[in-house]
K.L.:
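The following block contains the structure, expressed as structure tokens.
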Amino acid sequence: MPSTTSVEAPQEPDVSLSHGLKQRHLSMIALGGVIGAGLFVGSGAGIAAAGPSIVVAYVLSGLLVMLVMRMLGEMSAAYPSSGSFSAHAERAIGPWAGFTAGWSFWILLCTAVGLEGIGAAKIVTGWLPGTPEWAWVALFMVVFCATNLAAVKNFGEFEFWFAALKVGAIGLFLVLGVLAVAGVLPGTDSPGASNLSDFLPNGSEGLVIGILASVFAYGGLETVTIAAAESEDPVRGVASAVRTAMWRIALFYIGSMAVIVTLVPWDSAAVVEKGPYVAALDSLGIPGAGQLMNVVVLVALLSAMNANIYGSSRIAYSLVARGQGPKALGRVSGGVPRVAVLASSVFGFACVVLSYWRPDDVFSWLLNMIGGVILVVWGFIAVSQLRLRGRLERGAPELLTVRMWAFPVLTWVAVAGMAAIFVLMAREADTRVQLYFTGGMTLFLAAVGYARQRGRASAS
């Protein structure tokens, strides 16, 4: 069992995984990982609830995410691992914590694979009416499962080009939006500040809903620290990704939200029905721009599917390598944990089947169960960083190539922010259900993990 007190104790034998990700892959995964499906698809509901104050919501949640990424970057640069925060939690808190964080995140990623497949299929069936959604989901699943079964560089190449397209699209959107707001885009009139006059249309309650929506839109940023373990230079890759997180979040998330609510009335039905980015481009009257953005949304969903199959398989591999799961999932061939890739893909497709077969009970229960997992993971990250930082400073200060800002003050600020979000979730009827289900799953996994930890300690 890995020691929970020594900074030198290895967490997992990563040597059997290949190191086929190049620095350009990792850089683009870090950049594109910020532009996820949650930004393109999920932000519409937040705008409808919070109005123009959605910008404030994204600023607040963005500051929290930057603190979380800095903490995770500090630990991942010191201990590169495909288990990322799960391996850090095991080292800092104990095997039960690594078990809980790892398997809850695996369930989240696998379920997300199914949800993203459904979203992508809906876009394609809108272009090709009459074709069955499940068939498109199956096709996407087969393609990305095959991609991840091959060498890791294939995953890196897919994500490189997916990310390049997303970055280019969001960059062009921001340029067009700023020109339109400034009134210099040909054929358009600047709305000025007319759409911003009712800044808090639904009061503080609307802002709360917007904050909750924005928090979960940031999910997926953790993938870069998982991928770093299979890169040519894990420490440099993580350090670079974390250090550029601030401007990426400010530009892509906060900047695009500001452009959207300035161009489009917050209560426009198109914001929810078409999506905020499509609605904003349609308002500019650029022919075909809305449909082009739908292509970008499709790419974002497919990119998220690819990344989540990758991330879930590596989390599962790491857990098994540390004795925290069935050994079959840890089998590696050609530098790839292929059984874990297959298991993650099958679980994802099972979620799709449940969405058609039992949408109102089993599938709804599953969605509620994963609703707050990302906050649970962030909580483990914060506690792990609090515990590991002191050990590193005393035992291996040379490993601190990335440092958390103003430690421990900002770490505790982040913990307070997470606690505040849990309180906000408890106040809202929809998110309260998610909080209960996620809490139940977390307690169950913690109990199983603790029992396993005690059993192994007794056996030794």
K.L.:
To the nearest 0.5 Å, how far apart are CZ in R338 and CG in L329?
P.N.:
15.5 Å
K.L.:
Return yes if some donor-acceptor pair links the side-chain N/O of S313 with the main-chain N/O of V341 below 3.5 Å, else return no.
P.N.:
no
K.L.:
Go through the steps for L72 and W378 under the test side-chain contact (heavy atoms from CB on, under 4.5 Å), then give the verdict.
P.N.:
CA-CA 9 Å; L72 183 56; W378 290 355; over 6 Å; no
K.L.:
Can you list everything that forms a side chain to side chain donor-acceptor pair (under 3.5 Å) with E157? Sequence neighbours excluded, please.
P.N.:
R24, H25, W161
K.L.:
Working to the nearest 0.5 Å, report the span between CE of M75 and CG of L399.
P.N.:
13.5 Å
K.L.:
Begin with the C-alpha distance, continue with both residues' side-chain angles, and end with the deciding distance and a verdict on side chain to side chain donor-acceptor pair (under 3.5 Å) for S318 and R314.
P.N.:
CA-CA 6 Å; S318 174; R314 268 45 177 193; over 6 Å; no
K.L.:
I'd like to check L149 versus V336 (side-chain heavy atoms, cut-off strictly below 4.5 Å). Are they in contact?
P.N.:
no
K.L.:
For residues I315 and L319, determine if any side-chain heavy atom of one lies less than 4.5 Å from a side-chain heavy atom of the other.
P.N.:
yes
K.L.:
Would you check if the side chain of R452 reaches a backbone N or O of G323 as a donor-acceptor pair within less than 3.5 Å?
P.N.:
yes
K.L.:
Supply the atom-to-atom distance N308 CG to L108 CG, rounded to the nearest 0.5 angstrom.
P.N.:
7.5 Å
K.L.:
Does M425 reach the side chain of L375, with side-chain heavy atoms less than 4.5 Å apart?
P.N.:
yes
K.L.:
Verify, without hydrogens or angle tests, whether S86 (side chain) and G98 (backbone) share a donor-acceptor contact under 3.5 angstrom.
P.N.:
yes
K.L.:
Which pair of heavy atoms, one from A89 and one from F380, lies closest together, and at what distance?
P.N.:
CB-CD2, 4.4 Å
K.L.:
Apply side-chain contact (heavy atoms from CB on, under 4.5 Å) to I118 and S355, showing your working.
P.N.:
CA-CA 9 Å; I118 293 170; S355 73; 3.3 Å; yes
K.L.:
Counting only heavy atoms not in F407, do more than 12 fall under 6.0 Å of its CZ?
P.N.:
yes
K.L.:
Do you know the tightest heavy-atom contact between P408 and L386?
P.N.:
CB-CD2, 4.2 Å
K.L.:
Do the side-chain N and O atoms of R389 and T411 include a donor-acceptor pair separated by under 3.5 angstrom?
P.N.:
no
K.L.:
Please examine the side chains of W266 and N202, heavy atoms only from C-beta on, and report whether any two atoms are closer than 4.5 Å.
P.N.:
yes
K.L.:
Within the side chain of T438, is there an N or O that forms a donor-acceptor pair under 3.5 Å with the backbone of L435?
P.N.:
no
K.L.:
Counting only heavy atoms not in R432, do more than 12 sit closer than 6.0 Å to its CZ atom?
P.N.:
yes
K.L.:
Can you check whether A92's main-chain N or O pairs, donor with acceptor, with R391's side chain at less than 3.5 Å?
P.N.:
yes
K.L.:
So which atom in V377 and which in A101 form the shortest heavy-atom distance, rounded to 0.1 Å?
P.N.:
CG2-O, 4.3 Å
K.L.:
With a 4.5 Å cut-off on side-chain heavy atoms, are F144 and V113 touching?
P.N.:
no
K.L.:
Can you name the nearest heavy-atom pair linking P337 to Y317, along with the distance?
P.N.:
CB-CB, 3.9 Å
K.L.:
Hey, what do you get for CG (L298) to NZ (K122), rounding to the nearest 0.5 Å?
P.N.:
14.0 Å
K.L.:
Between the side chains of S84 and T225, does any donor sit under 3.5 Å from an acceptor?
P.N.:
yes
K.L.:
Where is the tightest heavy-atom contact between L302 and A120, given as atom of each residue plus distance?
P.N.:
CD2-CB, 4.0 Å
K.L.:
Judged by atom type as modelled, is there a donor-acceptor pair below 3.5 Å linking the side chain of W103 to the main-chain atoms of Q324?
P.N.:
yes
K.L.:
Can you check side-chain contact (heavy atoms from CB on, under 4.5 Å) on R403 and E393, steps first, answer last?
P.N.:
CA-CA 11 Å; R403 289 175 178 266; E393 289 179 335; 3.9 Å; yes
K.L.:
Taking side chain as C-beta onward, heavy atoms only, is I54 less than 4.5 Å from S43?
P.N.:
no
K.L.:
Taking only residues two or more places apart in sequence, or in another chain, which ones meet F347 in a ring pair (Phe, Tyr, Trp, His ring centres under 6.0 Å)?
P.N.:
W106
K.L.:
Nearest 0.5 Å, please: how far is CD1 in I370 from CE in M441?
P.N.:
8.0 Å
K.L.:
Are I226 and Y310 side-chain neighbours, meaning at least one heavy-atom pair lies under 4.5 Å?
P.N.:
yes
K.L.:
A382 and V415: which non-hydrogen atoms are nearest, and at how many Å?
P.N.:
CB-CG2, 3.7 Å
K.L.:
Test side-chain contact (heavy atoms from CB on, under 4.5 Å) on H88 and Q385; report intermediate values, then the result.
P.N.:
CA-CA 8 Å; H88 306 325; Q385 193 265 340; over 6 Å; no
K.L.:
How would you list, by chain and number, every residue that makes a salt bridge (Lys or Arg N to Asp or Glu O under 4.0 Å) with E428, sequence neighbours excluded?
P.N.:
none
K.L.:
Would you mind reporting whether S256 and F173 have side-chain heavy atoms less than 4.5 Å apart?
P.N.:
yes
K.L.:
Can you tell me how far the CZ atom of F162 sits from the CE atom of M305, to the nearest 0.5 Å?
P.N.:
10.0 Å
